[in-house]
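The residues of the chain are indexed from 1 along the displayed sequence.
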Amino acid sequence: MKQSLGYANDRSVYNALNQSKLTSKKIQELFLRKGILCSSDTDRDALSSYFSRLTHDFFDHKFIANSIGVIPRREKITSTEIIAKDNNSLSHSDIKTILKDVEAKLNFEGCIVKYKTSNNEQELEITYTEIDYSRTDFQQMITRTGKISVDSEKEVIHIRSTQAKFINEVKENLVLQLISLDKNNLKKNVINLSTFDIPDMRTQFFLETIRNIDEYELEEISQVGLYKNKNLFGGDVDIEENEEATIGNINDAHLKGNAVHLTPELKLLSEKGFYYVKVISTLKGKKDNLLYTVDIEFKDKENCEEFSYIVKHINEPKYDPETKSLTSYKSPRAPKPSEQINFIDKLEKSAKNSFVKINQSINPYSL
């Protein structure tokens, strides 16, 4: 993934040095690289103006870019399965060979890829660079890290990856290579609701999924993303003419609040053919009382494809020292890897069960 940018000009350097992300200490360090001492009391604009007129090299630009660059957010996770009609014919060694080929190819293209294996799971950790020309010169190049893990069972190969455009492309190529080893026996399987042509069924999938995650109970739905695909059959309800005119101009909505799924506003939109495409909800562990805030969505809103999810944060419980009863919750923290994996395993299982249940209600003879 070899990419390049144009050389930043004096104006870009001046603008970058005036950003608050670049601290006075960093400014002094930048000047010191040129053998120049400067005071923290010197006017920032004067320092920026002076430095921008000097000769800059690659290391100057890299220092500035690292100081004001974009911090990548945690990406959602998505899952793909390769299902065998008979027993899975691909061995651990077969999968490893293909993963090692992908590793070599991406490293050649300029990525940094590491192959790892643990028990039956194999993983590629991929560090790559994206360019966003809509950002300022020193923020256009963004370094991200994604993962693709492959776990093989008797009749199923589970492939889990971070949800990002580049990683998705790598994963799709990987899936094709794996299937090509036994085309007549293997097929790709993902959760998508493109065949659900009734909006309420797409909404039902989200509600069934979050309400039936094993060992967790739903506490609250705080945010709901809605979309209206005008090609689907929608509901019809008598409403005021001015409300009809307003809703008729909307095809994408996002509602936020306490128990938002129970609000009359959401009910009205649902009756007019809107369906869920994103849900942020809070669930409580039945065993440990931990609160999990979870974000699940279909990135392709129109067809309900590219299903992804992430545990955004966790709140640990506080207990009364005397009565040992639950009193409140601590501030949110990032989930530990084991907590994320354990929850996502159960979320994926619930999503599969919900999909099968709704699909069978449409087609009782489907498998």
Next item on the list: For ring-ring contact (aromatic ring centres under 6.0 Å, His included), just list the numbers for Tyr216 and Phe343, CA-CA rounded to whole Å, side-chain angles, deciding distance to a tenth of an Å, and then say yes or no.
Entry: CA-CA 9 Å; Tyr216 297 90; Phe343 183 89; 4.8 Å; yes
Note to self: For Lys346 and Asn342, which I'm curious about, is there any donor-acceptor pair between the side chains at under 3.5 Å?
What the structure shows: yes
Check: Between the side chains of Asp94 and Thr97, does any donor sit under 3.5 Å from an acceptor?
Finding: no
Next item on the list: Indicate the ring-plane relationship of Phe51 and His56, choosing parallel, tilted or perpendicular according to the 30° and 60° boundaries.
Entry: parallel
Next item on the list: Evaluate the ring planes of Phe298 and Phe307, with Trp represented by its six-membered ring, and classify them as parallel (under 30°), tilted (30 to 60°) or perpendicular (over 60°).
Entry: tilted
Is there a side-chain contact between [X] and [Y], using heavy atoms and a 4.5 Å cut-off?
X	Y	value
Phe206	Val224	no
Ile77	Ile310	no
Val102	Asn173	no
Ser152	Ile95	yes
Leu207	Ile221	yes
Leu17	Ser52	no
Leu226	Tyr276	yes

Check: Any ion pair linking Glu29 and Lys25 (charged N to carboxylate O, less than 4.0 Å)?
Finding: no
Checklist line | Asp345/Arg160 ion pair, N-O < 4.0 Å | finding: yes
Check: Just wondering, are more than 12 heavy atoms of other shown residues or ligands nearer than 6.0 Å to OH in Tyr14?
Finding: yes
Notebook entry, point to check: More than 12 foreign heavy atoms under 6.0 Å from CG of Asn184: is that the case here?
Noted result: no
Next item on the list: Any chance you could measure Leu291, atom CG, to Glu219, atom CD, to the nearest 0.5 Å?
Entry: 6.0 Å
Next item on the list: Give, for atom OG1 of Thr80 and atom CD1 of Ile157, the distance between the pair rounded to the nearest 0.5 Å.
Entry: 12.0 Å
Do [X] and [Y] belong together in a cluster built from hydrophobic side chains that touch within less than 4.5 Å?
X	Y	result
Leu54	Leu47	yes
Tyr292	Ile344	yes
Ile167	Ile341	no

Next item on the list: Can you spot which of His254, Lys299, Lys301 makes a side chain to side chain contact (heavy atoms under 4.5 Å, CB included) with Lys278?
Entry: His254
Over all atoms of both residues, closest heavy-atom pair of [X] and [Y]:
X	Y	answer
Tyr309	Glu348	OH-OE2, 2.6 Å
Phe63	Lys26	CE2-O, 3.7 Å
Glu220	Gly257	OE2-O, 4.4 Å

